[in-house]
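This report concerns only the one structure given below.
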Amino acid sequence: RSKDAGGGVFHAYEPQLHVEAEERRVLEIALRSALKNDQFHLQYQPVVEAGSGALKGFEALLRWTHPEYGNIPPSKFVPLAEDARLIAPIGEWVLRTACHEAARWNDSTRIAVNVSPEQLHNPNFFNLVTQTLAQSGLHPDRLELEVTESVFMHEGTCAVQVLDKLIDLGIRLSLDDFGTGYSSLGYLSRTRFSTIKIDRSFVQGASKNEREAVAIIRAVVALAQSLGMGTTAEGVETEEEHQMIQQLGCTKVQGYYFGRPLPVGEARALAQRHGRDSAAA
Ligand code: C2E
Ligand code: MG
Ligand code: MG
Ligand code: MG
């Protein structure tokens, strides 16, 4: 569009840039008081075993409802919180809330929590996790932390050491959105991930028969297997996608086909039903 505008390039997108900057400014101010005003809650999306569909756990997903602006998606406010250095207190709230809620559900379903790079670069993160586990009573092997490749982009020694200590406690680590960021295979073999999460863009591509997407999923599954890790396919929406993902050898699936992110009460009911079923089996 700006090309068509010829000489008026700057005029063509300056107002747009202005709107975005203004929106960010307004949201950032609102975000600063969101925690104290109780505007956050979590939803929990089921993660199931590929094939059987058996419940394995839930991923906690942060939701922000502003009294005036309504629901703001995390794709919009999480990057903003990261830039404004608000992600540490928000992330701490997410971890505490998820662990306290999940500890009361049953004794087996796992709870996955997304962690931003900045949280991991804080040496205190380890203490936060151990304290939260102790206070909530959640067993360490029920907690999974999801990190993205970007954690390893910055001078990563601190993050890597923290992750190592957490894994020694029995916590699981998964690599989120794999393939969408800056990928270096070195850290994959050096870090003890239990699962690689394959981004929805590849699942979608593969379901449209895009050969590159299929090839990438195959390669990631093979790589994960050879490193002793599992694979979770993200964003599976149809039975066809589930079948394809299963044929490609992914071990777990997550997506609207198996369940949307649920309010805490529904997640608890599902977890408790599952707990009873597996105890009876
Ligand atoms: P993510 O960690 O990759 O989470 C998966 C996202 O895919 C979620 O979006 C989920 O609702 C969505 N999803 C799941 N199944 C399907 C499907 O079948 N189809 C489609 N179209 N989407 C599906 P959501 O909740 O909007 O979160 C977006 C991203 O925001 C997350 O991506 C994560 O990067 C970030 N995020 C969410 N909660 C937190 C949090 O507590 N802390 C941090 N640091 N980031 C978070
Ligand atoms: Mg995630
Ligand atoms: Mg993901
Ligand atoms: Mg994703």
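These numbers come from the heavy atoms of this one structure, side chains and all, not from hydrogens, waters or symmetry mates. Order of appearance sets the numbers: ligands from 1, and atoms from 1 within every ligand.
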Report the relative orientation of the aromatic rings in [X] and [Y]; use parallel for angles under 30°, tilted for 30 to 60°, perpendicular for over 60°.
X    : Y    : answer
W64  : F77  : perpendicular
F193 : Y187 : perpendicular
F58  : W105 : perpendicular

N/O of [X] under 3.5 Å from N/O of ligand 1, yes or no?
X    : result
L62  : yes
E59  : yes
R63  : yes
D177 : yes

L128 reachable from L42 in the ILVMFWY side-chain graph, under 4.5 Å edges
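Same cluster: L42 reaches L128 through Ile, Leu, Val, Met, Phe, Trp or Tyr contacts under 4.5 Å.
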Same cluster (ILVMFWY, side-chain, under 4.5 Å), I111 and F40:
yes
Q45/Y256 under side-chain hydrogen bond (donor to acceptor under 3.5 Å, both in side chains): CA gap, chis, key distance, verdict
CA-CA 9 Å; Q45 186 177 34; Y256 295 167; over 6 Å; no
Minimum distance, heavy atoms only, to [atom]: which one of [options] is it?
atom                    : options          : answer
atom 1 (P) of ligand 1  : V203, D176, V115 : D176
atom 13 (N) of ligand 1 : F77, W64, Y256   : Y256
atom 46 (C) of ligand 1 : N114, V236, T180 : N114
atom 30 (O) of ligand 1 : P74, P79, P46    : P74

With a cut-off of 4.0 Å, which atoms of ligand 1 are near a heavy atom of [X]?
X    : value
P261 : 11 (O)
V78  : 45 (N), 46 (C)
E237 : 17 (C), 18 (O), 19 (N), 20 (C), 21 (N)
S116 : 44 (N)
Q45  : 14 (C), 15 (N)

Is the closest heavy atom of [X] to ligand 1 under 4.0 Å?
X    : value
G91  : no
Q43  : no
P73  : no
E234 : yes

Return the CG to OG1 distance between D199 and T148, rounded to the nearest 0.5 Å.
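Between D199 CG and T148 OG1, I get 11.0 Å after rounding to 0.5 Å.
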Any salt bridge linking [X] with [Y]? Criterion: basic side-chain nitrogen under 4.0 Å from a carboxylate oxygen.
X    : Y    : answer
K252 : E49  : no
D164 : R190 : no
E59  : K197 : yes
D83  : R24  : yes

Show, in sequence, the C-alpha distance, side-chain angles and deciding distance for R25 and E22, and conclude whether the salt bridge (charged side-chain N to carboxylate O under 4.0 Å, His left out) test is met.
CA-CA 5 Å; R25 204 182 63 82; E22 181 61 15; 3.4 Å; yes
Could you tell me whether any N, O or S atom belonging to D177 is less than 2.8 Å from the Mg ion (ligand 3)?
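Within the cut-off used here (under 2.8 Å), D177 does place an N, O or S atom near the Mg ion (ligand 3).
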Would one find an N, O or S atom of E146, in either backbone or side chain, under 2.8 Å from the Mg ion (ligand 3)?
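E146 does not place any N, O or S atom closer than 2.8 Å to the Mg ion (ligand 3).
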Part of R200 within contact of ligand 1 (heavy atoms, under 4.0 Å):
side chain
Have a look at E234 and say which of its N, O or S atoms is nearest the Mg ion (ligand 3).
OE2
Metal check, the Mg ion (ligand 2) vs S174 N/O/S, cut-off below 2.8 Å
no
Taking 2.8 Å as the cut-off, does E59 contribute an N, O or S atom near the Mg ion (ligand 2), distance below it?
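Under 2.8 Å: E59 contacts the Mg ion (ligand 2) through an N, O or S atom.
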What angle sits at the Mg ion (ligand 2) between OD1 of N114 and OD2 of D176, to 10°?
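For OD2 of D176 and OD1 of N114, the angle centred on the Mg ion (ligand 2) reads 90°.
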Is there a donor-acceptor pair closer than 3.5 Å between any side-chain N or O of T191 and the backbone N or O of L188?
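No.
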I'd like to check C250 versus I217 (side-chain heavy atoms, cut-off strictly below 4.5 Å). Are they in contact?
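Yes, close enough: below the 4.5 Å cut-off.
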